[in-house]
Amino acid sequence: MTQLLLLIVALLALGHLPPGRSEFKRCWKGQGACRTYCTRQETYMHMCPDASLCCIPYGIRPLLFKP
């Protein structure tokens with residue numbers, strides 16, 4: 001009985017934790033990260049499926065217009 005109660009408490013506690021890799025969702029072929037805000041070293045390319053920003057470091061940003 002004690003083990004069952006401990007199992008139920010553990011499952012309830014795990015249910016209140018945020019999903020594991022939610023902050024590290026990848027975008028732009030794995031080069032960017034989906035975040036609420038981009039850092040100063042990143043630029044915004046497009047929206048991720050969860051409506052967050054796809055942030056890409058400036059060094060990886062593809063050329064949009066070729067001269």
Over all atoms of both residues, closest heavy-atom pair of Cys55 and Glu42
CB-OE1, 3.3 Å
To the nearest 0.5 Å, what is the distance between CE on Met45 and CD1 on Ile56?
5.5 Å
Nearest 0.5 angstrom please: His46 NE2 to Cys27 SG, how far?
5.0 Å
Can you tell me how far apart CE (Met47) and OG (Ser52) are? Round to the nearest 0.5 Å.
7.0 Å
Closest heavy-atom contact between Gln31 and Pro57?
O-CD, 3.9 Å
Could you give the distance from CZ (Arg35) to OH (Tyr44), rounded to the nearest 0.5 Å?
15.0 Å
Among Ile, Leu, Val, Met, Phe, Trp and Tyr joined by side-chain contacts under 4.5 Å, find the other residues sharing a cluster with Tyr37 and list them by chain and number.
none
In this structure, SG of Cys34 is separated from CG of Asp50 (nearest 0.5 Å) by 5.5 Å
Who passes side chain to side chain contact (heavy atoms under 4.5 Å, CB included) against Thr36, sequence neighbours left out?
none
